[in-house]
Asker: 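My structure is below; once you've seen it, I'll send some questions.
Letters A, B, ... are given to chains in the order of the sequence lines, protein chains preceding strands, and every chain is numbered from 1.
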Amino acid sequence: MGDPSSVPTFQLGGLTFNVTNMISGLIAFVLVFLFVFALSRHITMKPGRGQNILEWLVDFTNNILKGSIPGNETSAFGLYGFTLFLFLFVSNELGLFIQISLGGKDWVRSPTSDPIVTMTFSLATLMIAQYAGVMKFGWKKHFSGYLKPFVFWLPISIFEEFTNFLTLGLRIFGVIYSGEMLLKIIGEMAFSGGIASFGVAVVLALVWQGFSAFLGAIQAFVFVTLSSVYIADKIEID
Amino acid sequence: MFSHLVVGASLFFGDIIFYAVCFLILMWLIKIFAWKPINQMMQDRADKISNDIDSAEKSRDEAASLAQQRQSALANSRQEATTIVDNAKKQGQQQRDGIVAQAQTDAQSLKVNAQKDIEQERQDALQNVRNDVADLSIEIASKIIQKELSADDQKALIDSYIEGLGKQHES
């Protein structure tokens with residue numbers, strides 16, 4: 001449980017792959033794709049129910065981006081924000097419904113309860129932010145932004161980038177991981193001491209699952225919001 | 001037991017590649033199957049709505065101008081109808097007057113003719129009577145005086161007598 005030994009791994013080309021993450025991630029990817037695919041089948045001028053949901057979601061993520069990225073530049077990041085939000089949301093909620101452990105090893109859980117996954121996305125966001133800054137201002141002007149307000153600020157600017165990267169990834173990881181941990185502990189408690197503890201555990205599990213579902217949605221929203229803030233920071237003139 | 005709290009212990013860098021690739025594929029699929037058509041449709045809808053607003057504005061103007069035209073046409077036709085009726089009345093009046101005048105003329109001429117005829121009749125009758133009276137008088141006179149008077153003398157006599165009668169009668 002969170003133990004390196006509790007997840008199945010394999011080596012390929014000098015890299016270690018975590019099979020749990022791969023299975024869970026694939027499930028999340030497929031779920032997101034099926035959801036979007038199913039809702040986008042009959043796209044008409046007069047939207048049906050599925051199309052309405054999808055358009056609402058598109059508007060929702062676009063509005064998150066518009067909150068920080070200035071006007072007409074939002075469209076370039078719309079697809080990233082949309083996909084990111086859906087994937088993180090599904091990943092956060094996945095572990096609440098499905099957790100499979102076989103032979104002492106986890107096979108399926110929330111992909112976002114592993115820091116490597118969340119940091120992958122925070123790294124992606126930071127890279128997109130750098131890329132957007134370079135595309136907009138050119139190499140020289142973009143990196144001269146690190147020397148503001150004065151040259152000796154450079155270490156702090158670099159350190160800030162690093163902390164942005166870490167906090168963005170670890171925030172969502174922490175919330176989801178702790179949520180799953182607590183669920184597992186409640187689950188262990190349920191079978192530890194007869195009918196009384198089982199009843200208490202069921203109530204606790206229900207409450208905590210509801211709260212975690214809420215937290216998962218909030219964290220997906222926060223992640224996309226912060227992503228847009230970091231991107232906006234790089235494409236706005238100081 | 002606390003080994004999971006050491007972040008580095010469970011980081012497998014292969015996962016980064018796996019997730020990056022999968023995420024790109026997912027983004028690409030969503031772009032093809034949903035993002036593009038949805039955005040296209042939203043754009044189309046925005047265009048359509050603005051077009052509809054424009055065309056509604058236009059058709060409202062058209063309707064207003066049509067109503068205006070209809071109103072004026074109605075007023076025109078009313079006026080026209082009034083003119084037609086007036087004309088018809090005037091014509092009818094004229095015709096009536098003509099007919100009445102004609103009838104009066106006809107009646108007048110008929111009356112005149114009739115009077116002329118009557119006068120003629122009367123003259124003829126008077127002439128006949130005069131002749132008959134003359135003949136009768138001659139006969140009577142010839143029988144009375146047993147003497148043959150010439151018819152012409154007799155007639156002149158009778159004529160003067162009858163003329164005297166006629167005058168007395170007329171006065």
Asker: Okay, side chain of A:Glu180, backbone of A:Ser110: is any donor-acceptor separation there less than 3.5 Å?
Answerer: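 Flag set: sc A:Glu180 to bb A:Ser110 pair under 3.5 Å.
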Asker: Assess the side chains of A:Ser68 and A:Tyr230: does a donor N or O sit below 3.5 Å from an acceptor N or O?
Answerer: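 Result is no, nothing qualifies.
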Asker: Do the non-hydrogen side-chain atoms of B:Asp15 and A:Thr120 ever get within less than 4.5 Å of each other?
Answerer: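 A side-chain contact is absent here, since even the closest heavy-atom pair is not under 4.5 Å.
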Asker: Can you tell me how far apart CD (B:Gln108) and NZ (B:Lys111) are? Round to the nearest 0.5 Å.
Answerer: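 One finds 5.0 Å between CD of B:Gln108 and NZ of B:Lys111.
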Asker: Answer with side chain, backbone, both or neither: which region of A:Phe121 has an atom nearer than 4.5 Å to a non-hydrogen atom of chain B?
Answerer: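 The answer is the side chain of A:Phe121.
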Asker: Based on non-hydrogen pairs under 4.5 Å, which of B:Asn39, B:Asp44, B:Ile38 is most in contact with chain A?
Answerer: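 Option with the greatest count: B:Ile38.
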Asker: When you measure from the centre of the six-membered ring of A:Phe173, is the NZ or CZ of A:Arg171 under 6.0 Å away and within 45° of the axis?
Answerer: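 Geometry flag: not set, cation outside 6.0 Å or 45°.
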Asker: To the closest 0.5 Å, what do you measure between CD1 (A:Ile27) and CE (A:Met22)?
Answerer: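 Between atom CD1 of A:Ile27 and atom CE of A:Met22 there are 12.5 Å.
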Asker: Listed by residue number, which members of residues 68-89 of chain B have a heavy atom under 4.5 Å from any heavy atom of chain A?
Answerer: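 Contacts with chain A: none.
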Asker: Which atoms of A:Leu84 are under 4.5 Å from chain B, going by heavy atoms: the side chain, the backbone, both sets, or neither?
Answerer: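 A:Leu84 touches chain B through backbone and side-chain heavy atoms alike.
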Asker: Heavy-atom distance under 4.5 Å to chain B: side chain of A:Phe87, backbone, both or neither?
Answerer: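 Contact with chain B: side chain only.
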Asker: Is there side-chain contact between A:Thr125 and A:Phe223, with at least one heavy-atom pair below 4.5 Å?
Answerer: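 Side-chain contact under 4.5 Å: yes.
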Asker: One pair to check against side chain to side chain contact (heavy atoms under 4.5 Å, CB included): A:Val175 and A:Asn92. What are the steps and the verdict?
Answerer: CA-CA 9 Å; A:Val175 170; A:Asn92 292 348; over 6 Å; no
Asker: Could you tell me how the ring of B:Tyr19 sits relative to the ring of A:Phe29: parallel (under 30°), tilted (30 to 60°) or perpendicular (over 60°)?
Answerer: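 Tilted: the ring planes of B:Tyr19 and A:Phe29 meet at 30° to 60°.
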Asker: What part of B:Ile25 gets closer than 4.5 Å to chain A, counting heavy atoms only: side chain, backbone, both or neither?
Answerer: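 Neither part, no heavy atoms under 4.5 Å.
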Asker: Check whether B:Met27 gets within reach of chain A through its side chain, its backbone, both or neither, counting any heavy atom under 4.5 Å.
Answerer: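 For B:Met27, the contact with chain A is made by backbone and side chain together.
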